[in-house]
Trainee: 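Dumping the structure here so I can ask a few things about it.
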Amino acid sequence: QVQLVESGGGLVQPGGSLRLSCAASGIRFINFINMGWYRQAPGKQREMVATLTRHKTNYSTSVKDRFTISRDVAENALYLEMNSLKPEDTAVYFCNVENIYWGQGTQVTVSS
């Protein structure tokens, strides 16, 4: 059974940082090429935040230069380092593998 579990979300003040993690079981990241982080804010559609294809990264314009996606094949984990957080970054963040497997999400709230 495949399971992706996100963690690391929480409440942070504007300008702060968080590091999200996505731990996988039932699959090995080394066998997959496309991974990514997505987010969904209340009343909005889910949107791409960052993707990782082999060693190539892609970011939405709203997070470029603030967020960094990475993966650790040995740990079978995907990460999202988020800096200079803004209130508009508030959303539930999901990790994804090959557009097939999704985690349950982790809430990120940016507020003073």
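Excluded from the calculations below are hydrogen atoms, water molecules and symmetry mates; all remaining heavy atoms, backbone and side chain alike, are included.
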Trainee: Search all heavy atoms of V92 against all heavy atoms of Q107 and return the closest pair with its distance.
Mentor: CG2-OE1, 3.2 Å
Trainee: Kindly say whether E47 contributes a backbone atom to a donor-acceptor pair with the side chain of Q40 at under 3.5 angstrom?
Mentor: no
Trainee: Are the side chain of E81 and the backbone N or O of T68 linked by a donor-acceptor pair below 3.5 Å?
Mentor: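 No, E81 side chain to T68 backbone: no donor-acceptor pair under 3.5 Å.
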Trainee: Would a single hydrophobic cluster contain both Y38 and L78, if residues Ile, Leu, Val, Met, Phe, Trp and Tyr are joined by side-chain heavy-atom contacts under 4.5 Å?
Mentor: no
Trainee: Check whether any side-chain heavy atom of E6 lies under 4.5 Å from a side-chain heavy atom of W102, and answer yes or no.
Mentor: no
Trainee: Say you draw a straight line from CG of L11 to OG of S112; how long is it, rounded to the nearest 0.5 Å?
Mentor: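 Those atoms lie 9.5 Å apart.
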Trainee: Do F94 and C22 make a side-chain contact, defined as non-hydrogen atoms from C-beta onward lying under 4.5 Å apart?
Mentor: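 No, every pair of side-chain atoms sits at 4.5 Å or beyond.
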Trainee: Quick check: does any side chain N or O of N58 sit under 3.5 Å from a backbone N or O of T51, one acting as donor and the other as acceptor?
Mentor: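 No: the side chain of N58 does not pair with the backbone of T51.
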Trainee: Do Y93 and R39 have side-chain atoms, one donor and one acceptor, less than 3.5 Å apart?
Mentor: yes
Trainee: Verify, without hydrogens or angle tests, whether R71 (side chain) and F29 (backbone) share a donor-acceptor contact under 3.5 angstrom.
Mentor: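 Side chain of R71 to backbone of F29, a donor-acceptor pair under 3.5 Å: yes, one is there.
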Trainee: Would V97 and L52 show up in the same hydrophobic cluster when neighbours are defined by side-chain heavy atoms closer than 4.5 Å?
Mentor: yes
Trainee: Between S62 and S60, do the side chains contain a donor N or O and an acceptor N or O under 3.5 Å apart?
Mentor: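 Present: a donor and an acceptor within the cut-off.
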Trainee: Quick one: pull up CD1 in I27 and CD1 in I100 and give me the separation to the nearest 0.5 Å.
Mentor: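 The CD1 atom of I27 sits 9.0 Å away from the CD1 atom of I100.
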Trainee: Answer yes or no: is there a side-chain heavy-atom contact under 4.5 Å between S111 and P87?
Mentor: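 Not touching, per the 4.5 Å side-chain cut-off.
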Trainee: Would Y101 and M35 satisfy side chain to side chain contact (heavy atoms under 4.5 Å, CB included), going step by step from the backbone distance to the final call?
Mentor: CA-CA 10 Å; Y101 306 111; M35 301 178 187; over 6 Å; no
Trainee: In sequence, state the C-alpha distance, the side-chain angles, and the governing distance for L80 and V49, and then conclude on side chain to side chain contact (heavy atoms under 4.5 Å, CB included).
Mentor: CA-CA 9 Å; L80 184 68; V49 175; 4.2 Å; yes
Trainee: So, the side chain of Q3 versus the backbone of S25: is there a donor-acceptor pair under 3.5 Å, distance only?
Mentor: no
Trainee: Does S84 reach the main-chain N or O of G15 with its side chain, forming a donor-acceptor pair under 3.5 Å?
Mentor: no
Trainee: Does NZ or CZ of R19 fall inside the cone over Y79's six-membered ring, less than 6.0 Å from its centre and within 45° of the axis?
Mentor: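 Checked: cation-pi criterion met.
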Trainee: Could you tell me if the side chain of T106 sits less than 4.5 Å from the side chain of S7, heavy atoms only?
Mentor: no
Trainee: Would V12 and F67 show up in the same hydrophobic cluster when neighbours are defined by side-chain heavy atoms closer than 4.5 Å?
Mentor: yes
Trainee: A quick test of your reading: do over 12 heavy atoms of other residues, nucleotides or ligands sit less than 6.0 Å from CD1 of I30?
Mentor: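 12 or below, so no.
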Trainee: Yes or no on side chain to side chain contact (heavy atoms under 4.5 Å, CB included) for D89 and M82, after CA distance, side-chain angles and deciding distance?
Mentor: CA-CA 10 Å; D89 294 318; M82 305 187 297; over 6 Å; no
Trainee: Would you say the side chain of N99 lies within less than 4.5 Å of the side chain of N34, judging by non-hydrogen atoms?
Mentor: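 When only atoms from C-beta onward are counted, N99 and N34 do not touch, as no gap falls below 4.5 Å.
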Trainee: How long is the span from the CD atom in E88 to the NZ atom in K44, to the nearest 0.5 Å?
Mentor: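 Those atoms lie 8.5 Å apart.
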Trainee: What are the two closest non-hydrogen atoms of A41 and T90, and how far apart are they?
Mentor: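 It is CB-O, 3.7 Å.
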Trainee: Would you name the heavy atoms of G9 and V108 that are closest together and state the gap between them?
Mentor: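 The answer is CA-CG2, 4.1 Å.
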Trainee: Check whether Y59 and V110 end up in the same hydrophobic cluster, where Ile, Leu, Val, Met, Phe, Trp and Tyr are linked by side-chain heavy atoms less than 4.5 Å apart.
Mentor: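 Yes.
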Trainee: Would a single hydrophobic cluster contain both I69 and L18, if residues Ile, Leu, Val, Met, Phe, Trp and Tyr are joined by side-chain heavy-atom contacts under 4.5 Å?
Mentor: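 Yes; tracing contacts between hydrophobic side chains, which count when under 4.5 Å, links both residues.
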